[in-house]
Novice: 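One structure is given below, represented as structure tokens, and several questions about it will come after.
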Protein chains: 2
Amino acid sequence: MKKENVTIYDIAKEANVSPATVSRVLTGNAKVRPQTTRKIVDVIEKYNFRPNSLARSLFHKQSKTIGFILPDINHPFFSTLVQSSEAHALELGYTTFLCNTRNNSENESKYLQSLVEKQVDGIIYLGGRINDTDTDQEYAEEMKTVMERIPVVFVNGQMNGVDAHIVRTDEESGIEKLVELLLNLNHKKIGFLGGKEGISSTDVKRNTFVKMMENKGISVNEDWVLGTGFSIESGEEVAGQLLNLKDRPTAVICANDFVAIGVIKVLTKFGLTVPDDVSVVGFDDIYLAQHFPPGITTVSQNYDHLGQTAINVLVNLINEKEAERETVIPTSLVLRDSCRIFSE
Amino acid sequence: MKKENVTIYDIAKEANVSPATVSRVLTGNAKVRPQTTRKIVDVIEKYNFRPNSLARSLFHKQSKTIGFILPDINHPFFSTLVQSSEAHALELGYTTFLCNTRNNSENESKYLQSLVEKQVDGIIYLGGRINDTDTDQEYAEEMKTVMERIPVVFVNGQMNGVDAHIVRTDEESGIEKLVELLLNLNHKKIGFLGGKEGISSTDVKRNTFVKMMENKGISVNEDWVLGTGFSIESGEEVAGQLLNLKDRPTAVICANDFVAIGVIKVLTKFGLTVPDDVSVVGFDDIYLAQHFPPGITTVSQNYDHLGQTAINVLVNLINEKEAERETVIPTSLVLRDSCRIFSE
DNA sequence: CTGTTAGCGCTTTCAT
DNA sequence: ATGAAAGCGCTAACAG
């Protein structure tokens, strides 16, 4: 059923020219007599001919394609970031392969190999193994082998022993803004919920939180530092644990907005009001943060900035130009209605 | 910097065999002496050699790749559906190209061309132009030209004059279930909110709603049938319009869950309680439906079923096997807490 | 300005 | 069981 493929040879024959000339009008890389061009263009349109990009890439040894590896396209953080990055890549002439690993390390490996075989020109790596605080050495080796052939940019991650180019959100300062905000609102009993130990972004956020509190001379109650993951469900879980405590915090910082949503849900169900009884803040500023009642105060990841920078660094690498080893993207505090001043 | 590519010739030379033999161990398509195989495998591993899939695809005239065209990867409906489909495609040996058009018709055209050039074996089309009730003839022509070369499956859409294979959710019966539910709960003053006229899924849903109501001898108040889009914001907008009315419905069916969320948000802000004052139901069962208070009663799209069927049909088409012209996927009602019995 | 030719990396007859 | 050779569709020297 599939119509036989029309090739540049067919076009050439019908237009009474050589394939090379057809190629020239296709690429626009050499002068062709206007008259000849016309003739060729006509035939091309007649057959709706499209050049085979596989053949083209094979010749050029570059595919004008960028691969994305990410753990979960369903998570707004990733889908938003991908959306920004992809749009920018497209402007720069690159199409993208999206590899959604569904939080599975094996899939990460498979996709990595697949991207190598597909001859992508570069890879943007988000989440997954580059977020483990303790790098698995096997994965690191695999990563290095890939990086010998293909430029890779890590977004919000790193791997011990792997000297990659990194673009990352300034999570430390994001948390600092949140802690300062709560402190200014008179909160002293502050908890940190969500995330997972051993995942670097969680560790960074928690440590920053603890350090800041200590600097202010406020001790952190360890019962209030809980985390089992990054999902809404996980937020519900830790909020449940918190409610079992006699002594509870008056404010909590959540590892991300999903966790904050879960926490707010459970608190509300329990009869507490956010922000009147407990202040809750999140991280990421996913689109839901503004919609989930009462509107979540959070820290924006500045998706466009983050995504575009990642692409720019990668494209520089692809073109063997200079590129910053590490770029830190500033965050911004987004004030909404999920926290308020504490008054006994 | 980029290491020179190792090819099958390099492997052959180092293993003292011909490229053909290396190819044979790579594909496993012909017998090779175990001893020879060993030797070759060793060299392959030594260099971490990966075959160039571009060259392979060029030869085979098939890329083992499926393209997805979709309007918005940020929308949970699409990201969830893609996740299901993609996983299934992978099991069948296909990798996927995701083309996120960001609700832009021009992008649709560009991506369509790009997929042709990239020699994808098939295309899954979601949303966008296949959702216009009045098909743009230019787009239809473009679609047809593509379909002469590449099998295409439409998911939840259709184009007048384009004889495509279709896999779709049974939206009619989904709406019927919702209307019946509300009727059983004694509601008579029911509205339909969200969606956009001229978008087929909206038209189908609205028409089904109106027809059912008429069948039951209940007249539909036209002021209660409002829609400006599919987003949360759009739900907020129409809810605002509804609140301006003196005579308001006691229940509303929303074109999708996003709209329902927007509606609930505004109603709540206005001081009304869902479901006590107004019942609200949605459509899609995105993951948020269970999390957004009070928990949204909705109709599930059965994502896995829908996605896998679409892939199955497409793969059958690719392999020139029989495939259903149109497959209808049943929906299921998901009861939560956003509606209740009406009692004056 | 245009045609001839070689080759990108791989696979598969066709011989041996 | 293995090698030699042609070809997938395209492009870029190199001639003319």
Side-chain angles (χ1 to χ4, degrees), chain A residues 2-41 43-44 47-65 114 116-121 149-150, chain B residues 2-41 43-44 47-65 114 116-121 149-150:
Chain A
K2 198 171 167 180
K3 212 201 250 176
E4 258 332 286
N5 274 329
V6 176
T7 75
I8 174 177
Y9 286 91
D10 303 318
I11 304 295
K13 194 181 297 173
E14 181 139 348
N16 290 313
V17 295
S18 78
T21 307
V22 178
S23 172
R24 282 189 262 261
V25 340
L26 247 28
T27 60
N29 285 337
K31 267 135 246 315
V32 176
R33 190 146 39 104
Q35 194 183 332
T36 320
T37 307
R38 263 214 76 70
K39 207 170 41 175
I40 295 175
V41 168
V43 183
I44 288 180
Y47 289 102
N48 268 297
F49 167 76
R50 298 283 149 198
N52 182 328
S53 76
L54 260 30
R56 193 176 267 183
S57 298
L58 184 59
F59 177 88
H60 279 123
K61 297 190 178 187
Q62 56 160 332
S63 58
K64 281 291 184 180
T65 296
S114 163
V116 173
E117 294 179 6
K118 285 187 152 55
Q119 314 291 119
V120 297
D121 297 335
R149 303 161 148 86
I150 305 177
Chain B
K2 198 170 167 181
K3 212 202 248 175
E4 258 333 285
N5 274 329
V6 176
T7 76
I8 177 177
Y9 286 91
D10 303 319
I11 305 295
K13 194 181 298 174
E14 181 139 346
N16 288 315
V17 295
S18 78
T21 307
V22 178
S23 172
R24 283 189 260 262
V25 340
L26 246 28
T27 61
N29 286 338
K31 269 137 245 317
V32 177
R33 189 145 41 103
Q35 192 182 335
T36 321
T37 306
R38 262 214 77 69
K39 208 168 42 174
I40 295 175
V41 168
V43 183
I44 287 179
Y47 289 101
N48 268 296
F49 167 76
R50 298 285 148 196
N52 181 329
S53 75
L54 260 30
R56 192 176 271 183
S57 299
L58 185 58
F59 178 89
H60 278 123
K61 296 187 176 191
Q62 58 160 329
S63 58
K64 281 293 184 177
T65 296
S114 164
V116 173
E117 295 180 6
K118 286 186 151 55
Q119 314 291 118
V120 297
D121 297 334
R149 303 161 148 85
I150 306 177

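From a predicted model like this one, the values you see are computed outputs, not experimental measurements. Letters go in sequence order (proteins before strands), and every chain restarts at 1. These values consider heavy atoms only, across backbone and side chains, with no hydrogens, waters or symmetry-generated copies.
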Novice: Grab the NZ-C1' distance between A:Lys31 and C:dT2 for me, whole Å please.
Specialist: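 Those two atoms, NZ and C1', are 14 Å apart.
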Novice: Consider side chain to side chain contact (heavy atoms under 4.5 Å, CB included). Of A:Thr37, A:Asn16, A:Ile8, A:Ile40, which one does A:Thr21 pass it with?
Specialist: A:Ile40
Novice: Quick one: closest heavy-atom pair of A:Asn5 and A:Asp10, and the distance?
Specialist: O-OD2, 3.7 Å
Novice: Heavy-atom distance under 4.5 Å between the side chains of A:Gln119 and A:Ser57, does that happen here?
Specialist: no
Novice: Can you list the steps and then say if A:Arg149 with A:Val116 is a side-chain contact (heavy atoms from CB on, under 4.5 Å)?
Specialist: CA-CA 8 Å; A:Arg149 303 161 148 86; A:Val116 173; 4.1 Å; yes
Novice: Tell me the bend of the helix from C:dC1-D:dG16 to C:dT16-D:dA1 as the angle between end helix axes, each from five pairs, rounded to the nearest 10 degrees.
Specialist: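 Helix axis angle between the two ends: 40°.
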Novice: Quick one: does B:Thr7's side chain get under 4.5 Å of B:Asn52's, heavy atoms only?
Specialist: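 Counting from C-beta outward, B:Thr7 and B:Asn52 never come under 4.5 Å.
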Novice: When rounded to the nearest 0.5 angstrom, what is the spacing between CD in B:Gln35 and CZ in B:Arg33?
Specialist: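 One gets 5.0 Å once the value is rounded to the nearest 0.5 Å.
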Novice: May I ask you to test the A:Val43-A:Phe49 pair for a side-chain heavy-atom distance under 4.5 Å?
Specialist: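 A side-chain contact is absent here, since even the closest heavy-atom pair is not under 4.5 Å.
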Novice: Let me know the distance between CZ of A:Arg38 and P of C:dT2, rounded to the nearest Å.
Specialist: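 In whole Å, C:dT2 P lies 15 Å from A:Arg38 CZ.
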Novice: Does the protein touch nucleotides 9-14 of chain C at the base, only the backbone, or not at all? Give it as B, S and - per nucleotide, heavy atoms under 4.0 Å.
Specialist: BBBB--
Novice: After noting the C-alpha distance and the side-chain angles of A:Thr36 and A:Val17, does the key distance pass the side-chain contact (heavy atoms from CB on, under 4.5 Å) rule?
Specialist: CA-CA 8 Å; A:Thr36 320; A:Val17 295; 3.8 Å; yes
Novice: Counting only side-chain N and O atoms of A:Ser57, is one of them less than 4.0 Å from OP1 or OP2 of C:dC8?
Specialist: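 Answer no for this pair, as no side-chain N or O of A:Ser57 is under 4.0 Å from OP1 or OP2.
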Novice: Rounded to the nearest Å, what distance is computed from the CD atom of residue B:Gln35 to the C1' atom of nucleotide D:dT2?
Specialist: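 Roughly 13 Å, once rounded to whole Å.
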